[in-house]
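In listed order, ligands and their atoms are each counted from 1.
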Amino acid sequence: MKIFSGIRPTGDIHLGNYLGAIKQWIELQEKEDCLFCVVDWHAITTPYDEKTLQDKIFDLSCSYLAAGLDPKKCSLFIQSQVKEHSELAWLLGTIIPLGELKRMTQFKDKSQKHSEYINAGLLNYPILMAADILLYKTEAVPIGKDQVQHLELTRNVAEKFNKKYGKTFIIPKPMLPKQGAVIMSLTDPNKKMSKSDDGKGCIGLFENPKEIEKKIMSATTDSDNEIRYDLEKKSGISNLLTIYSLFSNQTIKQIEKEFKGKGYGDFKKSLSQLLIKKLEPLRIKKQDLMKNPDLVYSILDKGAKEARKKAEQTMIEIRNKMGLK
Ligand code: AMP
Ligand code: TRP
């Protein structure tokens with residue numbers, strides 16, 4: 001099966017990115033034909049610093065590798081190195097109705113948040129994402145829940161294209177993790193964990209042990225001190241149980257049993273120890289990679305070559321079908 005996914009180089013990746021997206025990627029690379037991308041053209045649709053953009057791209061690439069992506073098993077590359085993404089985005093833009101773009105929740109949220117910077121790129125963001133996916137005739141896209149609406153749009157575009165110009169694209173499916181499709185903020189468990197909320201609510205995947213412990217110990221919970229999963233009434237502790245379960249490979253039921261009669265303090269202590277232990281090797285690996293830019297860039301170059309080869313082929317077919325040369 002052909003798989004594609006990407007993350008924007010806009011800040012340190014966190015537990016939500018890992019559990020919602022990357023953890024699935026690591027499993028998929030074992031069996032499937034996978035392309036994973038640093039989507040830098042998407043990152044510049046919201047305010048950013050051009051002086052540090054390359055550092056962020058490098059940082060995210062190291063994070064991918066440190067988290068467990070293996071360049072022998074998948075292709076890793078930077079979106080802007082394969083120009084066909086922008087060509088296909090332009091072409092798809094001619095068949096997406098404007099109304100569909102204006103309806104997107106992410107467009108509405110981001111234009112509210114950055115009201116001084118509502119650029120056409122922000123509106124066209126989902127077209128570029130559709131191009132990323134369709135360029136490789138992708139069959140499944142492992143993402144967190146917040147990206148499902150964009151995938152719906154991608155599917156619509158693919159269907160419209162196929163109808164108008166003849167069968168070209170496979171209609172790609174979203175692939176959500178059974179658990180952890182949305183990891184919530186530690187300080188406000190009704191809001192998703194997000195890079196822009198880099199205070200106490202968000203744990204970075206490579207954060208140092210002291211910070212991890214501090215953030216888990218001060219995570220918002222309720223006052224009844226019972227370790228039980230109940231998303232509606234006990235959203236804080238339920239979010240922590242989800243994280244515990246995903247890092248320990250135990251079911252929530254097993255964890256509830258283990259902590260029966262114990263208080264939130266004990267549970268949080270165990271959870272922070274678990275996270276520190278599981279994340280330590282990733283942190284060390286990332287530090288090593290950051291010291292070895294030649295290796296990282298050679299992996300990205302190789303990935304871009306592999307991606308370009310596939311992209312060029314699709315573009316020949318598409319230009320041909322659309323009456324272009
Ligand atoms: P972003 O940080 O928005 O570029 O997201 C990259 C990937 O991580 C996407 O597949 C998102 O759906 C996923 N993601 C982001 N935040 C969360 C979260 N809090 N919980 C689960 N998945 C998330
Ligand atoms: N829009 C996605 C996000 O914010 C990132 C992204 C861009 C993406 N292109 C993609 C994800 C293609 C999956 C497939 O998280």
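- When each atom of ligand 1 is checked for a heavy atom of Gln147 under 4.0 Å away, the hits are 12 (O).
- Selection from Leu15, Ile143, Thr10, Asp146 by nearest heavy atom to atom 12 (O) of ligand 1 gives Asp146.
- Less than 4.0 angstrom separates some heavy atom of Phe4 from each of these atoms of ligand 2: 12 (C), 14 (C).
- Heavy atoms of Ile133 come nearer than 4.0 angstrom to ligand 2 in at least one pair.
- Considering only non-hydrogen atoms, atom 14 (C) of ligand 2 lies nearest to Val141 out of Leu151, Leu134, Val141.
- Checked against a 3.5 angstrom limit, the closest N/O atoms of Lys145 and ligand 1 fall outside it.
- Checked for salt-bridge contact, Glu100 and Lys160 meet the test: a charged N lies under 4.0 Å from a carboxylate O.
- With hydrogens and angles left out, the side-chain atoms of Tyr264 and Asp224 include a donor and acceptor closer than 3.5 Å.
- Using a 3.5 Å distance cut-off with no hydrogens or angles, the side chains of Lys286 and Ser63 do pair a donor with an acceptor.
- Note on ligand 1: Val182 sits in its first shell, one or more heavy atoms being nearer than 4.0 Å.
- Set against the non-hydrogen atoms of Gly20, the atoms of ligand 1 under 4.0 Å away are 21 (C), 22 (N).
- Classification of the Tyr136-His85 ring pair by plane angle, with boundaries at 30° and 60°, yields tilted.
- Salt bridge annotation for Lys83-Glu312: absent, with no cationic side-chain nitrogen under 4.0 angstrom from a carboxylate oxygen.
- For ligand 1, one of its N or O atoms has an N or O atom of Gly16 under 3.5 Å away.
- Taking the charged nitrogens against the carboxylate oxygens, Lys234 and Asp222 do have a contact shorter than 4.0 Å, which makes a salt bridge.
- Taking only nitrogen or oxygen atoms, main chain and side chain alike, Arg8 reaches within less than 3.5 Å of ligand 1.
- Counting the atoms of ligand 1 from 1 in the order shown, those under 4.0 Å from a heavy atom of Ile183 are 18 (C), 19 (N), 20 (N), 21 (C).
- A donor-acceptor contact closer than 3.5 angstrom is absent between the side chains of Gln250 and Ser245.
- Ligand 2 places these atoms under 4.0 Å from at least one heavy atom of Tyr125: 1 (N), 2 (C), 3 (C), 4 (O), 5 (C).
- In this structure, a donor-acceptor pair under 3.5 Å is absent between the side chains of Lys191 and Ser185.
- Residue contacts with ligand 2, taken as heavy atom pairs separated by less than 4.0 Å, do not involve Ile7 at all.
- Among protein heavy atoms, atom 5 (C) of ligand 2 sits closest to Gly6 O, 3.5 Å.
- The shortest N/O to N/O separation between Asp132 and ligand 2 falls below 3.5 Å.
- The nearest heavy-atom contact from the protein to atom 2 (C) of ligand 2 is Gln147 OE1, 3.3 Å.
- A donor-acceptor contact closer than 3.5 angstrom is absent between the side chains of Ser272 and Glu213.
- Remark: Glu87 engages Arg319 in a salt bridge, criterion side-chain N to carboxylate O under 4.0 Å.
- Between Gly144 and ligand 1, a contact under 3.5 Å exists for at least one N or O pair.
- Look at His14 and you'll find a heavy atom under 4.0 Å from some atom of ligand 1.
- Annotation for ligand 2: atoms under 4.0 Å from non-hydrogen atoms of His42 are 7 (C), 9 (N).
- Look at Lys192 and Asp146 and you find a salt bridge, because one of the NZ, NE, NH1 or NH2 atoms lies within 4.0 Å of a carboxylate O, short of that distance.
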Could you please spell out the steps behind the ring-ring contact (aromatic ring centres under 6.0 Å, His included) verdict for Tyr244 and Phe267?
CA-CA 9 Å; Tyr244 199 115; Phe267 174 69; 5.4 Å; yes

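- Near Met193, meaning under 4.0 Å from one of its heavy atoms, ligand 1 places the atoms 16 (N), 18 (C), 19 (N).
- Using modelled atom types and a 3.5 Å distance limit, the side chains of Gln79 and Asp132 yield a donor-acceptor pair.
- Below 30°, between 30° and 60°, or above 60°: for Tyr125 and His42 the angle between ring planes is between 30° and 60°, a tilted geometry.
- The shortest N or O to N or O distance between Pro142 and ligand 1 is not under 3.5 Å.
- The side chain of Lys195, and not its backbone, has at least one atom closer than 4.0 Å to an atom of ligand 1 (non-hydrogen atoms only; side chain from C-beta on).
- Any N or O atom pair closer than 3.5 Å counts here, and His150 shares no such pair with ligand 2.
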